[in-house]
Amino acid sequence: MSGHVAPVRRPLIEGSKTYHQITEDICRPTETAPSVSWIIAFIVSVICLGMFVFGVAWTVWVGIGSWNLNRTINWGWDITNFVWWVGIGHAGTLISAILLLFRQKWRTGVNRAAEAMTIFAVICAGQFPLIHMGRLWLAIFIFPYPNTRGPLWVNFNSPLLWDVFAISTYFTVSLLFWYAGLVPDLATVRDRAKGIRKKIYSAVSFGWNGSAKHWQRWESLSLILAGLATPLVLSVHTIVSFDFATSVIPGWHTTIFPPYFVAGAIFSGFAMVLTLMLIARKVLHLEQYITMEHIESMNKVILLTGSIVGVAYLTELFIAWYSGYIYEQFAFLNRVLGPYYWSYIGMMLCNVISPQIFWSKKLRTSLFWTFFMSIFINIGMWFERFVIIATTLARDYLPSSWSYYVPTWVEIIIFIGTLGLFFTLFLIFTRVAPVVAIAEVKSILKTSGDQYIGPNAHHGHHVPAGANDLSAGSTVDIDDDNTTK
C-alpha cells in the first residue's frame, strides 16, 4: 500500500512556517520603510481626497444647485454612492462575525482587512447623506434629543431616520469588533518596538500581557460582539432598502428589496475584499498567508450571492409583468429599453452573467480573473444602485416632467474623492497595524499549515523548539510577543 496520503483540504498557511516566522512576516510592513508602490498609491489617494474636500467645499459654498438634481430626480449620484458604500461595508461583518460563529478557519487570513474595509466604507457612506442635506451644520438634528427649539423632533416614521440608527449601530459594533481583534497584535508590535513607537503601541494595546485570563476575556468578547454583529448583517441593508421599498413609487414599492439588497451587499463587499487582499497580498508579500484556498472560498461566496442577485432581478421582472399594474410594468420596461438601457445591460452583465465563470475551478483559482472580476462586480453593483434610483425617478407619472439625469463635475469629483478617502485610510492602516491577524493565524497553524497536512506532512517536524509537548489546537510564540495561548 502506498505511503502517499491525499490531503483532506489545501493548506491555509504555506511555507512551513514557525510561530516566530509568522510574527516576523506579518509585522514587517509596520516596521520597515514603505515601498515605492505604497508611496505612489498613497500620493494618488491623497490627491483624490483633496478632490473630495474641494467638491464638498464647493457644494457648501454654492449650494446643492451645483449638482444636477431637479424636481423629478432629487436623488442622483449622492444616494447611489451612499447605498454602494454601505453595501461594500457588509462583507467585513459577514467574514468576521458569521464565519467566526461557524468556526470557518479560512476567515483568519482575510478577516482583519475585511473588518477595516467595513469601517472605512461606512465612513465614506456617511458623507453622502450629510452633504445631501445642504446645510452640514444642521446635521446634529438627524439625532433625536431634547432641545430648546420647541417641539422639534425627527420623524420616527421615516426610513431615513432608521438608516441613522442602523448604520450608527453597525459602525459602532464593527469598530469595537475590529479593535478588540487588533489588541493582541498591537501588543506584539509593542513588544518589538522601541522609543516613541513603543509608548504609542503600549497605550493602544491597553496593557495586554497574553495571560490566560486576558485570552479568555478576549475570546468571550469576540463571541459576544460576533453575536451582536450577525443580525446587523441582515438589518442594516434591509433598512437601507426601506428607503425605497416603503415609498409608493413604481419600481421601488416592492417586498423583494430587503433580501435582494442584503445579497447584493454581501456580493459587492466580498468583491471589494478580494480587490484589497490581492493588492495587499502582492505589495506586502503575504502570499503564504492569503492563499489560493482563501481566494477560492471567497469566489464561491461571490458565485452564490451573484446567483441570488440574478434570481432577484428576474423575480422583479416577473412580478412586474404578473401584477398587471401598468405603471410598475412601465417602470421596468423603461429600465430595460428606456434611455438608461446601457446601465441595465451593464448591471446584468457584471452582476449576473460574468460571475458564472467561477463555476470553473481553473478560473476560480486564477489570480488574474479573480482580480478582474472583483473590480467588474463592483462596477456592476454601482450600476444596480444607479438603475434603481435614477431610472425610476427620471420618468414619473407626469410626462411633462420627464428628464435625463447626468452628474455634474462636482458630483463626480466627490465620488472620486470618497475613493481617495477610503484608500488613504486603508493604506495608513497597512502601515500601523498587521493586515493579517497574527494570533488567529497561529491558532490554526497545526491544523492548516502545509507542514502538518497533506501528503508530505510529518508531524513533529518544523515545530519550534519547546512546542512539541503542546496540543494541536494551541499556539505558541518563541518571540515572547505576548501572543502565547
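- Atom CH2 of Trp359 has 12 or fewer neighbouring heavy atoms from other residues, nucleotides or ligands inside a 6.0 Å radius.
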After noting the C-alpha distance and the side-chain angles of Trp252 and Leu393, does the key distance pass the side chain to side chain contact (heavy atoms under 4.5 Å, CB included) rule?
CA-CA 10 Å; Trp252 286 4; Leu393 296 175; 3.7 Å; yes
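- Leu419 places none of its side-chain heavy atoms less than 4.5 Å from the side chain of Cys48.
- Between the side chain of Tyr179 and the backbone N or O of Val204, at least one donor-acceptor pair lies under 3.5 Å.
- Arg385 and Gly87 get closest at one heavy-atom pair: NH2-CA, 4.0 Å.
- Nearest heavy atoms, Val406 versus Asn68: O-ND2, 2.6 Å.
- Contact check for Thr254 versus Ile319: no side-chain heavy atoms found under the 4.5 Å cut-off.
- When only modelled atom types and interatomic distance are considered, Thr418 and Trp85 share a side-chain donor-acceptor pair under 3.5 Å.
- Rounding to the nearest 0.5 angstrom, the gap separating the CZ atom in Phe422 from the CD1 atom in Ile119 is 11.0 Å.
- Note that OG of Ser401 and CZ of Arg395 are 11.0 Å apart. Values are rounded to the nearest 0.5 Å.
- At a threshold of 4.5 Å between non-hydrogen side-chain atoms, the residues Leu69 and Ile64 count as touching.
- Taking Tyr397 as the reference, Tyr327 meet the ring pair (Phe, Tyr, Trp, His ring centres under 6.0 Å) condition, with sequence neighbours excluded.
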Between Phe128 and Phe415, is a ring-ring contact (aromatic ring centres under 6.0 Å, His included) present by the stated rule, with each step listed?
CA-CA 9 Å; Phe128 288 100; Phe415 174 55; 7.2 Å; no
Passes side chain to side chain contact (heavy atoms under 4.5 Å, CB included), Val44 versus Phe423? Steps please.
CA-CA 9 Å; Val44 172; Phe423 283 105; over 6 Å; no
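- When the shell of 6.0 Å around OH of Tyr322 is examined, it contains 12 or fewer heavy atoms from other residues, nucleotides or ligands.
- A pairwise comparison of heavy atoms in Val436 and Asp185 identifies O-OD2, 3.8 Å as the closest pair.
- Atom CD in Glu440 sits 5.0 Å away from atom CZ in Arg107 (nearest 0.5 Å).
- The one candidate from Phe267, Tyr313, Phe244 that meets the ring pair (Phe, Tyr, Trp, His ring centres under 6.0 Å) condition with Tyr260 is Tyr313.
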Check step by step if side chain to side chain contact (heavy atoms under 4.5 Å, CB included) holds for Val336 and Leu317.
CA-CA 10 Å; Val336 181; Leu317 292 173; 4.3 Å; yes
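- Other residues, nucleotides and ligands contribute over 12 non-hydrogen atoms within 6.0 Å of the CH2 atom of Trp38.
- A side-chain contact (heavy atoms from CB on, under 4.5 Å) with His237 is found for one member of Val86, Ile167, Leu232, Ile266 and no other, namely Val86.
- Side chains of His294 and Thr291: a donor on one and an acceptor on the other come within 3.5 Å.
- For Trp218 (side chain) and Ala180 (main-chain N/O), a donor-acceptor pair under 3.5 Å exists by modelled atom type.
- When atom types are taken as modelled, the side chain of Ser241 and the backbone of Thr238 share a donor-acceptor pair closer than 3.5 angstrom.
- Note: Thr365 OG1 to Phe358 CZ = 10.0 Å, rounded to the nearest 0.5 Å.
- Two rings, from Phe257 and Phe242, have their centers 6.0 Å or more apart.
- Within 6.0 Å of atom NE2 in His132, more than 12 heavy atoms from other residues, nucleotides or ligands are found, so the atom counts as buried in its surroundings.
- The closest side-chain heavy-atom distance from Ser174 to Val122 is not below 4.5 Å.
- A distance-only check finds no donor-acceptor pair linking the side chain of Ser360 to the backbone of Ile357 [under 3.5 Å].
- Between the CD1 atom of Ile98 and the OG1 atom of Thr230 there is a distance of 5.0 Å, given to the nearest 0.5 Å.
- In plain terms, the two heavy atoms of Ile438 and Cys27 that are nearest each other are CD1-SG, 3.5 Å.
- Ring centers of Trp162 and Phe165: at least 6.0 Å apart, outside the cut-off.
- Side-chain atoms of Leu421 and Phe120, non-hydrogen and from C-beta on, never get closer than 4.5 Å to each other.
- Residue Trp342 qualifies as enclosed at atom CH2: its count of foreign heavy atoms under 6.0 Å is above 12.
- Between the side chains of Arg335 and Thr392, at least one donor N or O sits under 3.5 Å from an acceptor N or O.
- Between Trp77 and Trp84, the ring center distance fails the sub-6.0 Å criterion.
- A donor and an acceptor atom, one from each side chain of Trp67 and Thr59, are located under 3.5 Å apart.
- Judged by distance alone, with hydrogens and angles left aside, the side-chain atoms of Asn157 form no donor-acceptor pair with the main-chain N or O of Asn155 at under 3.5 Å.
- Between Glu293 and Ser297, the closest side-chain pair of non-hydrogen atoms falls below 4.5 Å.
- At least one side-chain heavy atom of Ser403 sits less than 4.5 Å from a side-chain heavy atom of Ile73.
- Minimum heavy-atom separation, Ile88 to Met117: O-CE, 2.9 Å.
- Formation of a donor-acceptor pair under 3.5 Å by the Glu328 side chain with backbone atoms of Pro250 is not found in this model.
- Judged purely by atom type and a 3.5 angstrom limit, Ser354 uses its side chain to pair as donor or acceptor with the backbone of Leu349.
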Would you please test Leu363 and Met373 for side chain to side chain contact (heavy atoms under 4.5 Å, CB included) and show each step?
CA-CA 10 Å; Leu363 296 178; Met373 286 303 303; over 6 Å; no
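- To the nearest 0.5 Å, atoms CG (Asp243) and CD1 (Ile79) are separated by 7.5 Å.
- Gln356 contributes no side-chain N or O that, together with a main-chain N or O of Ile353, makes up a donor-acceptor pair within less than 3.5 Å.
- Using a distance-only test at 3.5 Å, with no hydrogens or angles considered, no donor-acceptor pair links the side chain of Ser366 to the main chain of Lys362.
- Smallest separation of non-hydrogen atoms from Ala97 and Ala226: CB-O, 3.6 Å.
- Here the side chains of Phe429 and Trp178 are in contact, with some heavy-atom distance below 4.5 Å.
- Close placement of the Phe386 and Tyr340 rings is indicated, their centers lying within 6.0 Å of each other.
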